[in-house]
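Everything numeric here is computed off the predicted structure, so don't read it as measured data. Lettering follows sequence order; numbering is per chain, from 1. What you see below is based on every heavy atom in this structure, not just the backbone, and it leaves out hydrogens, waters and symmetry mates.
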Amino acid sequence: MSAFIADRMNRSQHRVEIPEKPDLAGAVRRKAPVPDFRVLFESAPGLYLVLLPDEPTFTIVAVSNAYAAATMVKREDILGRGLFEIFPDNPDDPETTGVQNLHASLRRALESGTPDTMAIQKYDIRRPDGIFEERYWAPVNSAVLDENGRVHYLIHRVQDVTEFVRLKLRESEQANLSSELRSRANRIEAELFLQGQELADAKRLAADLERSHKALRKSEFRYRRLFESARDGILIVNGEGRFVEVNDSFCRILKTTRERLLDAHFSEFVPPESASDVQRAFLKLRNDWNTPIEFPFRALDGSIVELEWTSSSKYLPGLYFCACRDITERKSLQATSLRVAAIVESSVDAIVGEDLDGTIVSWNRGAERIFGYKAQEVLGRHISLLATPDGFDEMAGILKRIGGGEHVDHFETKRRRKDGQIIDVSLTVSPVRDGSGRIIGASKIARDVTERERTAQALRATNAALSRANADLEQVAYSASHDLQEPLRIVAVYSEMLKKKYGGRLDRQADEYIGYTVDGARRMQQLLRDLLACLRATDGGDAQVVRVDASEAIGHAIANLHAAIEESGASITYTGLPRVMVDPVHLQQIFQNLIGNAIKYRSNERPCISVKATRRNKEWLFAVKDNGIGIQEEHADQIFGVFKRLHPSGPHTGTGIGLAICERLVRRYGGSIWVESSPGRGATFFFTMPDSTT
Amino acid sequence: MNRVPAGEQRSFSQCRTQQLESRNAFPKPLVLIVEDNPPDLLLVREALREHSVNCEVAVAVDGDEAADAIDQIDAEAMPVPELIILDLNLPKRSGHEVLGHIRDSVQCANKPVIILTSSDAPKDREEAARLGATLYIQKPSNLEDFMKIGAEFKRLLSRTNGRERQ
């Protein structure tokens, strides 16, 4: 054999150190006839290939005829060449792993010195025409060791199982496999089984490994998905307190990126004011990770996020698995509902919940106070308990309206207290809906208005008394003014008579006295006339309210003021005036007094008076503007008083009743009147009148 | 009956006595003034004088006296006045009542009646018109205007006199 090997070695381009065999053994063997091992080897029925351990080339140094035939090669073509040079992977089969697997097996055999059985391997063979033929093999690689235990050769033994595999593959497609074929397959299978005990074990092991590997990968994939898609923030913190791993949700919660968070220390995100709390919480988490703990983190944008934490270090020592949930909204909801509960409870109003049948389901302290029943006395009882003897229908009516989705606002009614007292209440009732929007009951807010009602009644009574007194007073004033006119008329007329008959016939002083008497009587007559006019302005009796065109009213006023306008050369402009609901005489009177006033208190310039109106809310705002002497601001309010005159004598004569009449007339229609002015700049009188369209 | 000079104040009873004594010698038309207020009565007389109304004046100072006078006239115990000047605000019986009585009378139903009152209340005007007042005059509050109503007295008096003459 050494000769054969030597011979092969010589022919090979590879030089391998082959130790000489000791002569002793050769001496012994020389006694028996020596078989021709080469012939024997080459003719052996198995498929063998002998390789040098020169990884990664694995030079072919011997091949059995059967092997050469099975792989369609000629011996002389392959000896001395590399194994994978001769048997490369099928380039058309992208999934092939033949070369890789065989290499690995050879290396294992090389390293371990023991046989390495490969699983059935697809390893296509290149035909002489270059086309690859599909083949399946069951290879075993064994090392041949020298005396020193070093690997001398590698024997690569294979069995061609292509046919079997094909049968197996076809089995699923062809149910009617011939019995012959099947028995043949069985035979081969048995053979294979016998030959490859190790193979079966290895296969099982490999399959197990593969399965567990796959399961692991799948599991990892699943957990990764779970980790990433969890809505809660999940993170792993090391013993130092740095983030080792964070999921997307955690990044979202802290409003930053994974890159920013990894390796960051958790304390960076703890708001300073809650640092000690967090410290305590962490210690607690370490010991009891089943109970969630709440503490806030500060997100990267500075906002405080309320978080609920759970943690565990159970699985990997030195690493803490933490999960946190954003409970900011929940906390604020909690706070709100607490606040609402507190408000409901502390409300002075009765707040009562009832279902649609009228059964009382909630009862606050206000209800206890107003109705006199304790909550435990009324819960579960019917609301009609509070009805007055004739109020049952009304109660049922309210519940029916609520059932229809209506609201009842400030409904004034009566209820009976526990002590039987009937009280006035103002009810506001709203439907209560469940999550799906279905009406399930009513929430009633009742306010005890007994006191208010009493006060209001008293107020009404006082008001009525006041208006009566006022009316009486005005009546007295009216009658007095009226009755005073009679004797005054006599005084006036007879003082004139005296002047007429005896003027110039007494002495000069007498004439003067008579003159004063005549003037005084006249002035007093005028005052009485004006006072009566003013009193008539508030007397609601004989007004005839119709729709009046303000332009027409001004027209009449101007006609009445004809002499004064003529004399002063005043110009009066008015455009776009509306129609208002008023007694035409009153509106005319207002314009007449205001325009007359403007003319009376003119400056040295020619009087220019303009009248305009603008709509304001539901009324018209009239403005009568002049260029007269104006009014000092501190007098602006006084001028509407009865007999108020800012100019005691001189050219501006009058009793000072005109604006008072205007004020009373305007007020009569619910309007108001005021002046804006400054001395020397003219004055603008504003007054409001209700819009005729409303 | 003696003529009572205008401007001289005299009660109706005096007036009646005089009338009965000299009925036929009564050449001037008679004006009956129903007025309780002496200054106003004097002013009416002044107004008549102002316009030189040539008349005799008889006076009643309250509603009852006025009604009595109308009855006397109907009984021909008194001469028939050619003009009646009637205040509304009278003691005992209102001027409206007296007016109604006048219009219901035989002798005075068609005689002119001037309402001379301080009232300007529309309801007084309306009532007076309804009851057949010839003229409604509110007592003027100055002398000049008061004197002017003498012209109205004269006009109405001359109208009735003229008619009688025809």
Side-chain angles (χ1 to χ4, degrees), chain A residues 474-475 477-505 511 513-537 539-544 583-586 589 655 657, chain B residues 5-9 33-52 59 61-63 85-91 94-95 114-127 136-153:
Chain A
E474 295 222 332
Q475 189 52 50
Y478 187 84
S479 308
S481 311
H482 199 267
D483 292 350
L484 282 174
Q485 278 189 314
E486 265 305 283
L488 185 61
R489 181 173 57 81
I490 300 303
V491 172
V493 171
Y494 276 92
S495 63
E496 285 174 36
M497 185 88 91
L498 194 63
K499 189 179 174 184
K500 182 180 165 190
K501 292 205 166 171
Y502 298 95
R505 289 171 66 182
D511 284 349
Y513 296 163
I514 291 168
Y516 291 151
T517 314
V518 171
D519 278 357
R522 276 201 192 133
R523 210 160 53 241
M524 186 155 175
Q525 278 181 316
Q526 189 57 47
L527 284 171
L528 280 178
R529 265 198 294 275
D530 288 346
L531 184 58
L532 283 167
C534 192
L535 290 168
R536 276 194 208 107
D539 168 26
D542 48 357
Q544 290 187 325
D583 184 326
V585 175
H586 290 157
Q589 178 83 63
T655 59
I657 204 76
Chain B
E8 200 178 306
Q9 192 172 333
I33 304 173
V34 187
E35 173 62 65
D36 65 317
N37 189 20
D40 278 324
L41 183 57
L42 184 57
L43 284 171
V44 171
R45 286 179 182 280
E46 276 298 323
L48 287 169
R49 197 167 19 233
E50 183 87 5
H51 289 271
S52 314
V59 176
V61 294
D62 63 44
I85 298 170
L86 177 63
D87 189 9
L88 286 182
N89 189 16
L90 291 169
S94 81
I114 292 180
I115 303 293
L116 183 65
T117 174
S118 56
S119 165
D120 66 339
K123 64 175 185 355
D124 282 343
R125 281 182 188 274
E126 283 157 23
E127 182 70 354
Y136 188 103
I137 298 173
Q138 190 189 357
K139 290 174 183 167
S141 56
N142 64 70
L143 184 63
E144 193 186 341
D145 288 345
F146 213 117
M147 292 306 109
K148 278 182 187 162
I149 53 178
E152 294 297 328
F153 302 155

Between A:Q525 and B:S141, is there a donor-acceptor pair closer than 3.5 Å when you use the side chain of the first and the backbone of the second? yes

Taking all non-hydrogen atoms of both residues, which atom of B:D40 and which atom of A:Y494 are closest, and how far apart?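 Nearest heavy atoms, B:D40 then A:Y494: N-OH, 4.4 Å.
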
Taking all non-hydrogen atoms of both residues into account, name the closest pair between B:P140 and A:V493 and its distance. O-CG2, 4.1 Å

Show me the pairs that pass salt bridge (charged side-chain N to carboxylate O under 4.0 Å, His left out) and involve residues 491-505 of chain A, at least two apart or across chains.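 Residue pairs with at least one partner in residues 491-505 of chain A: A:E496-A:R522, A:K500-B:E50, A:K501-B:E46.
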
For the CG atom on B:N142, are there more than 12 heavy atoms of other groups (residues, nucleotides or ligands in this structure) within a distance under 6.0 Å?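 Yes, CG of B:N142 has more than 12 neighbouring heavy atoms, counting only those of other groups under 6.0 Å.
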
Could you give the distance from CD (B:Q138) to CZ (A:R489), rounded to the nearest 0.5 Å? 8.5 Å

Chain A contact via B:D145 - which portion, at a heavy-atom distance below 4.5 Å: neither

